[in-house]
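Letters A, B, ... are given to chains in the order of the sequence lines, protein chains preceding strands, and every chain is numbered from 1. As a basis for the values below, the full set of heavy atoms in this structure was taken, side chains included, without hydrogen atoms, waters or symmetry mates.
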There are 2 protein chains.
Amino acid sequence: MREIPDIVVGRLPVYLRALSRMIHEGQQVTSSKELGERLGISSAQIRKDLSHFGEFGKQGTGYQIQYLVEQLQRILKVKEEWKVALIGVGDIGHALTHYNGFVNRGFRIVALFDSDPKKIGSLVNGLIVIDAAKLVDEIRARGLKVAMLAVPAEKAQEVANKLVEAGIEGILNYAPINLSVPPNVRVQHIDPVIHLQRMTFYINS
Amino acid sequence: MREIPDIVVGRLPVYLRALSRMIHEGQQVTSSKELGERLGISSAQIRKDLSHFGEFGKQGTGYQIQYLVEQLQRILKVKEEWKVALIGVGDIGHALTHYNGFVNRGFRIVALFDSDPKKIGSLVNGLIVIDAAKLVDEIRARGLKVAMLAVPAEKAQEVANKLVEAGIEGILNYAPINLSVPPNVRVQHIDPVIHLQRMTFYINS
DNA sequence: TAGATTGTTAATCGATTAACAATC
DNA sequence: TAGATTGTTAATCGATTAACAATC
């Protein structure tokens, strides 16, 4: 298989989300034109992106949404649920344990970690908070590959190092700091301020 | 001024965050090389990006971080605090009201809205939850331009329409759905699943 | 059949990088 | 002065788009 550009991979989850939504709305078939209009993307780009992975449509009629969704799930490896570790059970961590947007999209939080003695052992949304000191052993024992990092900026790099040691290969980082990890580990950032600042550039107060 | 590419604007907040961190760590001067290594970006790209806005460095020595931070804050219009409306005081909304990452980065939540009668009138982190039915009037009266949207997917488009009507020009959308808004309104998405799926593509379970 | 839409090619467009004169 | 690093140009690289044959 040729090398897939990162930017293409980045759009696939967006396609998947929109297509899932269409199914949710009862739609069965769509076209690159329609999907593109929904997303503000050209139809040519959608077809080009998909063409990296195969031929999923039919001339004249477009795409069976259910089929395309399954293909995208397969490509993104989310047909089976990933078991995810969550480190840091503060406000963000708490909100993530309650977040119902993971259901049916390929992820389930199965382990909570915190270093606060007051939180360790307590039950949060049905999961026991484990001592962060046991993080490496626990994650390794369970074979987890994906983690969400919701600890203070000061601790983020330190915890990230332990995650890497534990065999984690994907880190969703909520700390407003740039993590340094080996090349085989993927990091994605979620920082609301970054997005807000991207918008204010264009807005006149 | 020439038109600035979106992709360049998108990197400025990342530079700002890293530079602020350097100050926090006591550093006073940096170079495009050093900053680039921290961020995994080429030094040439950083210099090119900055050159869209002026000359901020000195040959041989690099950049005074404090000065560059101030310039980026000015460019991104975050020298003064933006007053932000938050719609939806569920788990995510709650976490956002407690989030201390907004401080000194240009944003402050000043108004909470929800349509749940049980929540309306209650106090969340010092702010009274206002009836979402009053959203348009309240936002307009306060002249708010930026909003965070943390309502269920089903209601997101409907609320977004009201935000636009109220004069909001930037929406940070936490609902996993693509909003349709007029071209003068900026939308940014935060959807953890999108980021997770971007990573799992590369990870072998 | 006529209309619609795919997958793909080639052309265009835009972003990144390498290189270097300028200069601190 | 020698070394370092900027801002900028030109070259390279890669992504997007337009166009269209194929075909449902």
Side-chain angles (χ1 to χ4, degrees), chain A residues 1-16 18-19 22 27-72 74-75 198 201-202, chain B residues 1-16 18-19 22 27-72 74-75 198 201-202:
Chain A
M1 196 195 277
R2 289 152 300 169
E3 198 62 31
I4 311 293
D6 263 15
I7 197 161
V8 171
V9 175
R11 282 191 292 261
L12 299 184
V14 178
Y15 298 164
L16 176 55
L19 291 163
M22 287 177 175
Q27 199 174 338
Q28 300 201 333
V29 177
T30 190
S31 66
S32 57
K33 184 164 175 288
E34 183 186 46
L35 183 58
E37 282 166 1
R38 267 210 192 208
L39 298 176
I41 288 179
S42 80
S43 63
Q45 180 158 88
I46 290 171
R47 295 197 302 278
K48 188 94 209 283
D49 285 352
L50 295 177
S51 76
H52 286 96
F53 303 97
E55 308 189 356
F56 307 118
K58 270 211 184 79
Q59 286 102 323
T61 59
Y63 303 88
Q64 292 292 327
I65 301 177
Q66 184 61 52
Y67 176 71
L68 186 50
V69 161
E70 280 165 21
Q71 293 304 309
L72 286 171
R74 176 183 55 77
I75 293 165
R198 252 177 224 203
F201 174 85
Y202 298 97
Chain B
M1 196 194 278
R2 290 150 300 171
E3 198 63 31
I4 311 293
D6 264 15
I7 197 161
V8 172
V9 175
R11 282 191 292 260
L12 299 184
V14 178
Y15 298 165
L16 176 54
L19 292 163
M22 287 178 177
Q27 199 174 339
Q28 299 201 333
V29 176
T30 190
S31 66
S32 58
K33 183 163 174 289
E34 183 186 46
L35 183 58
E37 281 167 1
R38 267 210 193 210
L39 298 176
I41 289 179
S42 79
S43 63
Q45 180 159 86
I46 290 171
R47 294 197 303 277
K48 188 96 212 284
D49 285 351
L50 295 177
S51 76
H52 286 96
F53 304 97
E55 308 189 358
F56 306 119
K58 271 211 184 78
Q59 286 103 324
T61 58
Y63 302 88
Q64 291 292 326
I65 302 177
Q66 184 61 51
Y67 176 72
L68 186 51
V69 161
E70 280 165 22
Q71 294 305 308
L72 286 171
R74 176 183 56 76
I75 292 164
R198 253 178 222 200
F201 174 85
Y202 298 97

**Student:** Using atom CD of A/Gln45 as one end and atom C1' of C/dT6 as the other, report the distance to the nearest whole Å.
**Tutor:** 16 Å

**Student:** Just name whichever nucleotide pairs with D/dG3, Watson-Crick or G-U, keeping both distances under 3.5 Å, else none.
**Tutor:** C/dC24

**Student:** Closest nucleotide of DNA chain D for B/Lys33 versus for A/Ile7: which of these residues is on the 5' side?
**Tutor:** B/Lys33

**Student:** If I take atom CZ in residue B/Phe56 and atom C1' in nucleotide C/dC24, what distance separates them, rounded to the nearest angstrom?
**Tutor:** 18 Å

**Student:** Just to confirm, is there a sub-4.0 Å distance from OP1 or OP2 of D/dT5 to any side-chain nitrogen or oxygen of B/Ser32?
**Tutor:** no

**Student:** In whole Å, I'd like the distance from the NZ atom of A/Lys58 to the C1' atom of C/dT5.
**Tutor:** 13 Å

**Student:** OP1 or OP2 of D/dA15 versus the side-chain N and O atoms of A/Arg11: is any pair under 4.0 Å?
**Tutor:** no

**Student:** Tell me whether the OP1 or OP2 atom of C/dT6 has a side-chain N or O from A/Arg47 closer than 4.0 Å.
**Tutor:** yes

**Student:** Taking only side-chain N and O atoms of B/Gln59, does any of them lie within less than 4.0 angstrom of OP1 or OP2 on C/dA22?
**Tutor:** no

**Student:** May I ask you to say what A/Lys48 touches in the nucleic acid, namely base, sugar-phosphate or nothing, with a heavy-atom cut-off under 4.0 Å?
**Tutor:** base

**Student:** Does a side-chain N or O of A/Thr61 approach OP1 or OP2 of D/dC24 to a distance below 4.0 Å, or not?
**Tutor:** no

**Student:** Is B/Glu37 salt-bridged to B/Lys33, going by a charged N under 4.0 Å from an acidic O?
**Tutor:** yes

**Student:** Rounded to the nearest angstrom, tell me the gap between atom CG in B/Asp49 and atom P in C/dT17.
**Tutor:** 10 Å

**Student:** Rounding to a whole Å, what distance do you find between A/Ile65:CD1 and C/dT6:C1'?
**Tutor:** 16 Å

**Student:** Can you tell me how far apart CD (A/Gln66) and CD (A/Gln28) are? Round to the nearest 0.5 Å.
**Tutor:** 9.0 Å

**Student:** For B/Val29, does its backbone N or O pair with a side-chain atom of B/Gln27 as donor and acceptor, under 3.5 Å?
**Tutor:** yes

**Student:** Can you measure A/Ile4 atom CD1 to D/dG14 atom C1' for me and round it to whole angstrom units?
**Tutor:** 14 Å

**Student:** I want to check one thing: is the phosphate of D/dA4, taken as OP1 and OP2, less than 4.0 Å away from some side-chain N or O of B/Tyr63?
**Tutor:** no

**Student:** Would you please say whether a donor-acceptor pair under 3.5 Å links the side chains of B/Arg47 and B/Ser51?
**Tutor:** no

**Student:** For the pair made of CZ in B/Phe53 and P in D/dT6, what is the distance, rounded to whole Å?
**Tutor:** 17 Å

**Student:** In Å and rounded to the nearest 0.5 Å, what is the CZ to CG distance from A/Phe201 to B/Asp6?
**Tutor:** 9.0 Å

**Student:** Please determine, for C/dG14, whether a Watson-Crick or G-U wobble partner exists with both distances under 3.5 Å, and give it or none.
**Tutor:** D/dC13

**Student:** Give the rounded distance in Å between these two atoms: CG of B/Leu50 and P of C/dT17.
**Tutor:** 15 Å

